[in-house]
Amino acid sequence: MIEEVGAIISTWPCNSQNRDHCVATLARVEHTYFLWPMCISEVAHISAEITYTSEHSVEVQVNVMSENILIGTKKLTNKATLWYVPLSLKNVDNVLEVPPVVYSRQEQEEAGQKRYKIQKLERMETKWRNEDVVQPVLNPEPNTVSYSQSSLIHLVGPSDCTLHSFMHEGVTMKLTDEVAGIVAARHCKTNLVTASMNAINFHDKIRKGCIKTISGRMAFTSNKSVEIEVLVEANSVADSSQKRYWGASVFT
Ligand code: COA
């Protein structure tokens with residue numbers, strides 16, 4: 001839902017100029033904290049606003065509130081910052097320009113520019129993760145990284161895809177969380193919840209018909225928390241000439 005509301009709010013202004021039509025695609029989710037659980041029978045309220053625009057990208061802030069309709073209380077359960085890039089509907093390899101947003105105060109623009117520069121720098125610095133691989137290990141020893149490492153394989157079908165016929169970001173995030181949960185449960189042998197997720201970069205589009213492999217492994221443990229690294233890899237079933245490529249990488 002977070003991803004959907006972000007895509008809607010960032011696609012609107014990008015189509016306001018008289019030119020090629022586009023759909024905004026999710027390129028990055030900033031570090032996300034899960035502040036409170038949302039319980040069965042509560043109502044979710046998702047709100048979003050554009051907080052910064054660069055030449056070709058849009059920063060969106062999304063807030064999620066849970067409402068208990070029986071007693072009328074509301075809680076902020078999640079805050080997420082997402083970056084979208086508008087892609088032409090005629091040619092998805094064309095990144096279009098974003099009309100500049102009008103800021104109510106100069107400081108908002110300056111703060112946004114600072115965040116934009118920081119995320120660009122972070123992307124350069126973490127490129128090395130793309131070449132990493134999670135290899136299966138036979139008969140691993142308990143409590144080792146190999147013992148709990150886990151993978152999910154998913155065939156990307158039509159219901160997983162966006163208007164461009166590329167895999168929906170929300171589906172990737174859900175599968176990522178599922179793998180991380182399996183790794184953590186295998187290691188800790190108890191119930192766990194996701195407390196936060198590091199920034200996720202969506203490096204490449206994953207097409208309908210691709211086989212997607214989501215692999216997770218333990219990266220760090222403290223007394224009461226575990227950090228899991230998840231890598232998302234895709235390859236085409238139909239076209240064997242296409243190489244494998246990385247879809248995304250995340251620490252959770
Ligand atoms: N986070 C935030 N912004 C990003 C980004 C990322 N991970 N990757 C690229 N951008 C921004 C750039 O900063 C640039 O904006 P600027 O010129 O205002 O600085 C803009 O995107 C275009 O960058 P460019 O280098 O020309 O394009 P690219 O070849 O890197 O392509 C994407 C960018 C987003 C189109 C490409 O990485 C992609 O297709 N990713 C997959 C998107 C997707 O399928 N999402 C769902 C996955 S399940």
Side-chain angles (χ1 to χ4, degrees), residues 1-8 10-11 13-14 20 22-32 50-62 80-101 109 112-130 152 154-179 197-214 230-236 242 244-251:
M1 285 192 286
I2 291 175
E3 187 280 311
E4 240 173 79
V5 78
I8 293 168
S10 51
T11 297
C14 295
D20 218 357
C22 67
V23 170
T25 189
L26 185 65
R28 178 179 167 91
V29 182
E30 294 295 352
H31 199 128
T32 308
I50 293 178
T51 41
Y52 182 74
T53 53
S54 72
E55 212 179 324
H56 301 104
S57 67
V58 182
E59 184 197 47
V60 178
Q61 175 73 50
V62 181
T81 307
L82 308 103
W83 290 87
Y84 288 84
V85 175
L87 303 182
S88 160
L89 275 175
K90 283 191 202 143
N91 175 3
V92 285
D93 292 325
N94 260 5
V95 174
L96 300 184
E97 273 182 32
V98 176
V101 71
E109 183 171 8
Q113 199 162 49
K114 205 168 151 192
R115 293 191 298 274
Y116 164 72
K117 285 184 180 158
I118 290 172
Q119 60 93 350
K120 263 199 130 159
L121 195 67
E122 194 266 355
R123 279 194 276 137
M124 306 284 161
E125 286 171 353
T126 53
K127 266 199 165 157
W128 60 270
R129 269 188 223 157
N130 304 356
L152 277 177
H154 180 80
L155 177 66
V156 181
S159 61
D160 295 326
C161 291
T162 62
L163 297 177
H164 285 114
S165 285
F166 293 115
M167 184 150 184
H168 225 286
E169 304 77 7
V171 179
T172 302
M173 286 159 74
K174 185 175 181 296
L175 294 172
T176 301
D177 188 48
E178 220 166 284
V179 170
M197 240 188 219
N198 246 11
I200 314 177
N201 287 302
F202 296 97
H203 308 301
D204 221 329
K205 297 167 198 76
I206 298 176
R207 287 169 185 79
K208 189 170 71 185
C210 275
I211 296 178
K212 192 166 172 167
T213 311
I214 306 107
V230 183
L231 297 163
V232 180
E233 187 197 355
N235 61 336
S236 170
Q242 271 193 13
R244 285 180 161 206
Y245 59 93
W246 293 110
S249 50
V250 61
F251 279 87

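Values below: every heavy atom of this structure, side chains too, minus hydrogens, waters and symmetry copies. Just so you know, ligand 1 is whichever comes first in the structure, and atom 1 is the first atom listed for that ligand.
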| query | Going by the atom numbers of ligand 1, which of them fall below 4.0 Å from some non-hydrogen atom of W83? | reply | 2 (C)
| request: For L26, counting its heavy atoms only, list the atoms of ligand 1 lying under 4.0 Å from any of them. | output: 42 (C), 43 (C), 45 (N), 46 (C)
| Counting each atom of ligand 1 from 1 as listed, which ones have a heavy atom of L87 under 4.0 Å away? | 35 (C)
| Minimum heavy-atom separation for I50 to P13, with atom names? | CD1-CG, 3.5 Å
| field | Where ligand 1 meets Y116 - atom numbers and elements under 4.0 angstrom, heavy-atom basis | value | 16 (P), 18 (O), 19 (O)
| task | For the pair Y52 and W83, name the ring-plane relationship: parallel under 30°, tilted 30 to 60°, perpendicular over 60°. | result | perpendicular
| message | I want to know if ligand 1 touches M167 in the polar sense, i.e. an N/O pair below 3.5 angstrom. | response | no
| message | Suppose I only count heavy atoms of T172 and a 4.0 Å limit; which atoms of ligand 1 are within that range? | response | 48 (S)
| Looking only at heavy atoms, is any part of F166 under 4.0 Å from ligand 1, and if so is it the side chain, the backbone, or both, or is it neither? | neither
| Considering residues at least two apart in sequence or located in another chain, which fulfil the side-chain hydrogen bond (donor to acceptor under 3.5 Å, both in side chains) criterion with Q119? | R123
| field | Shortest heavy-atom approach to atom 10 (N) of ligand 1 - which of K212, H56, R123 | value | R123
| F202 versus E169, closest heavy-atom pair with distance | CZ-CB, 4.3 Å
| query | Any idea which of E30, H203, R207 brings a heavy atom closest to atom 37 (O) of ligand 1? | reply | H203
| Q61 versus T51, side-chain donor and acceptor atoms under 3.5 Å | no
| task | Can you see which heavy atom on C161 is nearest to which on V156, and at what distance? | result | SG-CG1, 3.8 Å
| field | Pair H56, E97: side-chain N/O donor-acceptor within cut-off below 3.5 Å | value | no
| query | Does a donor on one side chain and an acceptor on the other come within less than 3.5 Å for K120 and S54? | reply | no
| query | Which ligand 1 atoms are under 4.0 Å away from a heavy-atom of E55? | reply | 18 (O)
| Atoms of ligand 1, numbered as shown, that sit under 4.0 Å from any heavy atom of K120 | 13 (O), 19 (O)
